[in-house]
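Structure first, then comments.
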Amino acid sequence: MDAIIKRKSYSKSIIKNIEKKLPSAMEALMEFAKKEALKNKRGDKDSSLILFEITVQNGEVTGRLYTNFDYALFLEYGTGTKAEMSHIGHTETFKESGYTYWYLPKELADSRGLDINSSRLINIKGELFYIMYATQPYPFMRPTAFELESKATKIFAEALKED
């Protein structure tokens, strides 16, 4: 009977140690996910565009990977006639063009740090706009999710093992 009690307390000790290390293992997993998303992302590879957060609540550790730039949906799912989702734009120009182009105010593009070729700049009634065209999707978050699905357990286990 003594051996059984010792074995149970040893098991509890292992479980408590693993529980303590879960947040750092989740951080390793989220760092991997962030690198994958940036690798998959077209254009700017600024790491501040892909973020993650880790929460620990009631012994449960949760990791969340997300983006903080407002054109991420357009990059992920495409725009206009090449979009994978339904159109969210409703301007007359967009509808009349058959969802192939629209105008983006230069001031708005500049405030968001978008680097758009100046040859696309036009003046409409004294205001400057960029002509924007339909673009195909360049997913970066979805492939990251699929990659995580297959590698998460291994990365998590390796991070726990290292600790």
Tell me the side-chain hydrogen bond (donor to acceptor under 3.5 Å, both in side chains) pairs involving residues 116-133, sequence neighbours left out? N117-S119
Which pair of heavy atoms, one from A159 and one from A28, lies closest together, and at what distance? CB-CB, 3.8 Å
Could you tell me whether the side chain of T153 reaches within less than 4.5 Å of the side chain of I155, counting heavy atoms only? no
Please say whether more than 12 non-hydrogen atoms of neighbouring residues, nucleotides or ligands are located less than 6.0 Å from NZ in K45. yes
May I ask you to test the L75-F140 pair for a side-chain heavy-atom distance under 4.5 Å? yes
So does M141 get a backbone contact from the side chain of E76, meaning a donor-acceptor N/O pair under 3.5 Å? yes
Show me the side-chain donor-acceptor pairs of residues 30-39 shorter than 3.5 Å, one per line, residues at least two apart or across chains.
residue : atom : partner : partner atom : Å
K34     : NZ   : S47     : O            : 3.2
K34     : NZ   : I50     : O            : 3.2
E36     : OE1  : K39     : NZ           : 3.4
E36     : OE2  : K39     : NZ           : 3.1

Minimum heavy-atom separation for W102 to T93, with atom names? CA-CG2, 4.3 Å
Nearest 0.5 angstrom please: Q136 CD to T81 OG1, how far? 11.0 Å
Are V56 and M26 in one and the same hydrophobic cluster, where Ile, Leu, Val, Met, Phe, Trp and Tyr link if side-chain heavy atoms are under 4.5 Å apart? yes
Looking at side-chain heavy atoms only, is the closest gap between D44 and L49 below 4.5 Å? yes
Shared hydrophobic cluster for F129 and I131 (ILVMFWY, side-chain gaps under 4.5 Å): yes
Mind checking whether Y138 and M132 sit in one hydrophobic cluster, side chains of I, L, V, M, F, W, Y counted as touching below 4.5 Å? yes
Show the nearest heavy-atom pair for residues P143 and N40, with the distance to one decimal. CB-ND2, 3.7 Å
On the ring face of Y71, is K41 found with NZ or CZ under 6.0 Å from the centre and within 45° of the axis? no
Pair T135-T79, side-chain donor/acceptor within less than 3.5 Å: yes
Distance, nearest 0.5 Å, that separates CD1 of I116 from CG of L121: 9.0 Å
Could you measure the distance from the CD atom of E147 to the CZ atom of R142? Nearest 0.5 Å is fine. 15.5 Å
Give every residue pair that meets the side-chain hydrogen bond (donor to acceptor under 3.5 Å, both in side chains) criterion with at least one member in residues 55-67, sequence neighbours excluded. E53-R64
Above 12 or not: heavy atoms from other molecules or residues under 6.0 Å from CG of D115? no
Contact between L148 and F146 at the side-chain level, heavy atoms closer than 4.5 Å - yes or no? no
What distance do L104 atom CG and K106 atom NZ have between them, rounded to the nearest 0.5 Å? 10.5 Å
Crowding at CD, E84 (>12 non-hydrogen neighbours, <6.0 Å): yes
Between atom CD1 of I54 and atom CZ of F52, what is the distance when rounded to the nearest 0.5 Å? 5.0 Å
